[in-house]
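Below you'll find the structure, written out as structure tokens, and then a few comments.
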Amino acid sequence: MSRRRRAAALPTPVALLFILPAAALFAVFVLYPMATALTYSLFSWRGTAQDAFVGLDNFVALFTTEPYATQLPRAFGHNALLFAGAMVVQNSLGLLLAYVLHRRGRLRRLFQVLYTMPYLVSPLVVGYLWSLLLSPLFGPVNAALRAVGLDAVAQPWLGDPDTALWVVVLVTAWQWVGFPLLVYGAALGALDPTLEEAAMLDGASSRQRFWHVTLPLLTPVIGTVSVLTFIFSMEAFPIPYALGGSSGSPAGATDVMSLLFYRTAFHSGASNAIGISSAVAIVLFVVIVGVSVAFTRWFRRVERRLT
Amino acid sequence: MSRRTTLATAAAALVALTLGACAPSADSPEPGAAAGAGCDGDAVALDVWSWRTEDLKTYERIFDVFEKANPCITVNFQAHLNTEYDQILRTGLTGSDGPDIAQVRSYGLLQPLVEGGNLEPLEDVVPALADFDDAILDGSRGREDGAVYGVPLASQTIQVYYNTAIFEEHGLEEPETWDDFIALNDTLLEHDVTPLAVGARDGWFVPTVHDALTAAQYGGADFQEALRDGATDFTDPAYVDSIQTLKDLQQYMPDDVTGVQYTDAQVLFTSEQAAMFAGGSYELAFFQDANPDLDLGVFQVPPPPGSALDHPVSAGYADGSWGLSATTEHPEEAETLLNWLATPEFGQLVADELKQFSPIPGVEFSDPLQQEMWDLYQESPAPYLLLVDYRYGDPVGTDLMGEAGQKLFLGDTDAEGAADVIQDGLSAWWTPGE
């Protein structure tokens with residue numbers, strides 16, 4: 001017993017050899033680019049040529065000089081709204097659908113596949129598709145609304161700063177709702193049915209069983225889905241890009257962190273574009289890691305209290 | 001075999017495998033190698049890079065002409081995806097596998113390569129550059145040293161296209177005065193034809209429309225000079241007035257214009273639901289392709305009363321040039337090719353085969369409309385201001401005008417506020433007179 005445990009703790013040379021290919025790929029394609037982005041952000045740049053070491057100057061510039069001092073918080077706020085919207089729309093709907101499908105065994109597979117279909121299409125394509133559907137001139141959405149007499153509801157959906165970001169939330173949810181649906185579906189299938197039966201025998205209504213038995217048991221999965229949703233929302237790029245272009249049209253209403261990075265890195269004529277854009281990438285990385293870790297810890301505590 | 005040896009052998013095999021995958025195959029045949037026939041010694045192959053994947057075949061035909069005249073040089077033309085080109089080129093020019101000659105962007109987006117020392121200055125290499133239009137050469141200049149780093153490949157002009165059939169149907173003619181222009185817009189509106197096909201959801205399109213309609217009003221090249229001299233900035237009353245004109249003309253654009261995409265505007269025009277389209281010369285090929293029955297005309301918008309200029313203008317800009325890699329292994333041959341790229345022979349091929357405006361002096365255009373746009377620009381040129389001078393920092397001028405114009409159309413700001421957005425944004429990196 002003790003020998004086997006030691007073997008698990010210290011991998012043999014052969015085991016290391018098997019780890020090597022994956023570790024090498026991870027190092028070359030993940031660790032190395034991340035380390036370079038960090039070092040890039042600590043230097044000033046003259047076009048493609050690395051200039052002097054400037055310490056944290058790029059970060060200071062990012063937070064104190066225009067246009068970044070205005071655009072960074074604005075973009076970050078939009079990412080936060082995307083996350084909130086995804087939690088409310090995409091994840092609640094995913095949970096609801098998973099729950100309903102779980103109780104109706106026969107068509108579950110069919111609907112799981114149907115709801116997951118958009119997930120298989122490139123988000124850029126989904127974005128362009130919806131921007132065509134929502135066009136105020138030729139789009140079928142407004143045409144359908146007008147056809148049934150709802151003229152007042154027909155909007156320039158992507159042309160109005162008040163609605164544009166919510167369109168991004170809804171289109172994202174339309175595409176990704178299959179993700180929470182599948183994860184929650186799997187988790188519901190793994191729950192011990194005797195617990196719910198016991199509650200049923202005690203006279204709990206179906207609503208009470210959901211709120212007091214099923215939902216608490218799903219907490220670990222809800223935590224995982226929330227953290228992943230947070231990461232996806234912070235990294236959102238293709239759908240905002242397809243719906244609002246690189247400048248977050250209209251008038252910056254759909255600008256997000258990745259678009260800010262894209263503009264700074266590839267769209268500006270600024271000499272130090274690589275330095276500043278690397279700083280944007282590092283800030284985004286730190287926020288994602290920091291919040292994800294804090295979030296996970298908090299969820300662990302909630303879980304422990306429940307068990 | 002001991003265990004350790006097995007391990008070492010396996011590791012070595014793995015490393016060899018990985019490296020082997022990276023190494024370029026040395027004996028792959030050089031494309032176009034047959035063109036070396038007729039050369040006394042060994043033919044030198046030049047790598048030429050471009051972002052025009054759609055023109056690959058055409059360029060190969062064009063370079064065949066060069067290879068015939070220069071049997072000792074073969075051109076290995078490679079096109080990369082437009083959206084990824086800048087990244088690939090930056091990596092290529094800083095590494096060892098880069099091109100000898102490459103298509104490079106103009107103005108601001110050229111600067112990273114110039115500052116990084118990746119390109120050679122060309123004035124001494126290509127004497128014919130002296131004959132080029134100065135305004136076009138500005139697109140290829142390094143911002144700090146003012147040297148020319150590219151042989152201009154194409155230029156674009158901005159004007160108003162109109163559907164001649166719709167004009168005839170309503171008894172309209174090309175406007176001679178501002179009042180004519182407004183009157184014809186009103187007539188079209190009365191007959192339920194959208195006068196101006198504009199889509200403001202794509203921010204980059206707003207400054208194009210603004211310059212097509214009002215460049216003469218704020219003063220074109222004169223205003224550019226005043227900005228360069230530090231005599232004024234974008235809050236200048238003439239510039240504010242020109243933004244107000246854009247707002248005044250909104251009634252002739254589609255409803256909810258900030259929700260209308262650029263491509264929607266193109267479709268409005270080519271499907272003959274709109275009578276006019278304010279846009280660049282690059283639209284022509286698409287318009288003719290999308291609707292071959294479309295009868296097109298072009299005009300310059302006459303300036304409104306009280307404008308800075310008393311005549312209409314076409315805004316224009318340089319769109320790409322040929323740069324020489326600082327690390328080329330065949331400088332002599334590359335110089336021969338670059339000099340050919342500056343000849344009227346090549347320019348004429350660009351005009352005839354690629355349907356682009358070659359800025360090389362002496363080139364003529366077979367399409368009458370293309371010739372007319374070029375002539376209008378030659379008669380009364382103006383800079384596409386926000387692209388030409390204001391893409392050298394972050395934020396770029398065209399993005400700012402996009403945002404300001406969207407706010408203007410939405411009614412979130414007035415003309416003065418929109419001018420402030422541009423001026424405040426640019427002041428992050430630009431001071432008038434510098």
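Not measured: the values here are computed from a predicted model. Throughout, protein chains are lettered first and strands after them, A, B, ... in sequence-line order, and every chain is numbered starting at 1.
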More than 12 heavy atoms of other groups within 6.0 Å of B:Asp145 CG: yes
Specify the closest pair of heavy atoms between A:His267 and B:Val396, including all atoms of both residues, with the distance to one decimal. O-CG1, 3.7 Å
Surrounding CD of B:Gln87 (heavy atoms of other residues, nucleotides or ligands, distance under 6.0 Å), is the total greater than 12? yes
Between B:Arg143, B:Arg90, B:Arg105, the one whose heavy-atom pairs under 4.5 Å with chain A are most numerous: B:Arg90
Run the salt bridge (charged side-chain N to carboxylate O under 4.0 Å, His left out) check on A:Arg263 and B:Glu403 step by step: do they pass? CA-CA 14 Å; A:Arg263 276 204 311 277; B:Glu403 187 176 336; over 6 Å; no
Do other residues, nucleotides or ligands put more than 12 heavy atoms under 6.0 Å from A:Tyr128 OH? yes
Check this for me: A:Phe285, atom CZ, are more than 12 non-hydrogen atoms of other residues, nucleotides or ligands nearer than 6.0 Å? no
Top residue by heavy-atom pair count (under 4.5 Å) with chain B, among A:Thr65, A:Asp160, A:Leu243, A:Ile276? A:Leu243
What are the two closest non-hydrogen atoms of A:Arg46 and B:Glu144, and how far apart are they? NH2-OE1, 3.6 Å
Less than 4.5 Å apart, side chain to side chain, heavy atoms only: is that true for B:Gln273 and A:Phe138? yes
Might you point out which heavy atoms bring B:Asp256 and A:Pro136 nearest each other, and give the distance in Å? O-CG, 4.3 Å
Are A:Ser271 and B:Gln111 close enough that a side-chain donor and a side-chain acceptor fall under 3.5 Å? no
Could you look at B:Pro254 and say if it's the side chain, the backbone, both or neither that has a heavy atom under 4.5 Å from chain A? side chain
Report which part of B:Arg391 has an atom under 4.5 Å of a heavy atom belonging to chain A: side chain, backbone, both, or neither. backbone
Between A:Gly245, A:Ser131, A:Ala273, A:Ser247, the one whose heavy-atom pairs under 4.5 Å with chain B are most numerous: A:Ser131
Checking A:Leu158 against chain B: side chain, backbone, both or neither under 4.5 Å from a heavy atom? both
B:Val260, part contacting chain A, at a heavy-atom distance under 4.5 Å: both
Heavy-atom pairs under 4.5 Å with chain A, option from B:Gly405, B:Ala404, B:Gly108, B:Pro395 with the top count: B:Pro395
Kindly indicate, with the supporting measurements, whether the criterion side chain to side chain donor-acceptor pair (under 3.5 Å) is fulfilled by A:Ser249 and B:Gln406. CA-CA 8 Å; A:Ser249 291; B:Gln406 286 170 343; 2.9 Å; yes
At a 4.5 Å cut-off on heavy atoms, which part of B:Leu93 comes close to chain A: side chain, backbone, both, or neither? neither
Search all heavy atoms of B:Gly116 against all heavy atoms of A:Ala49 and return the closest pair with its distance. CA-CB, 3.8 Å
A:Tyr68 vs B:Asp394, test: side chain to side chain contact (heavy atoms under 4.5 Å, CB included). Steps then yes/no. CA-CA 9 Å; A:Tyr68 316 111; B:Asp394 196 6; 2.9 Å; yes
Cut-off 4.5 Å, heavy atoms of chain A, and the answer for B:Asp399 is side chain
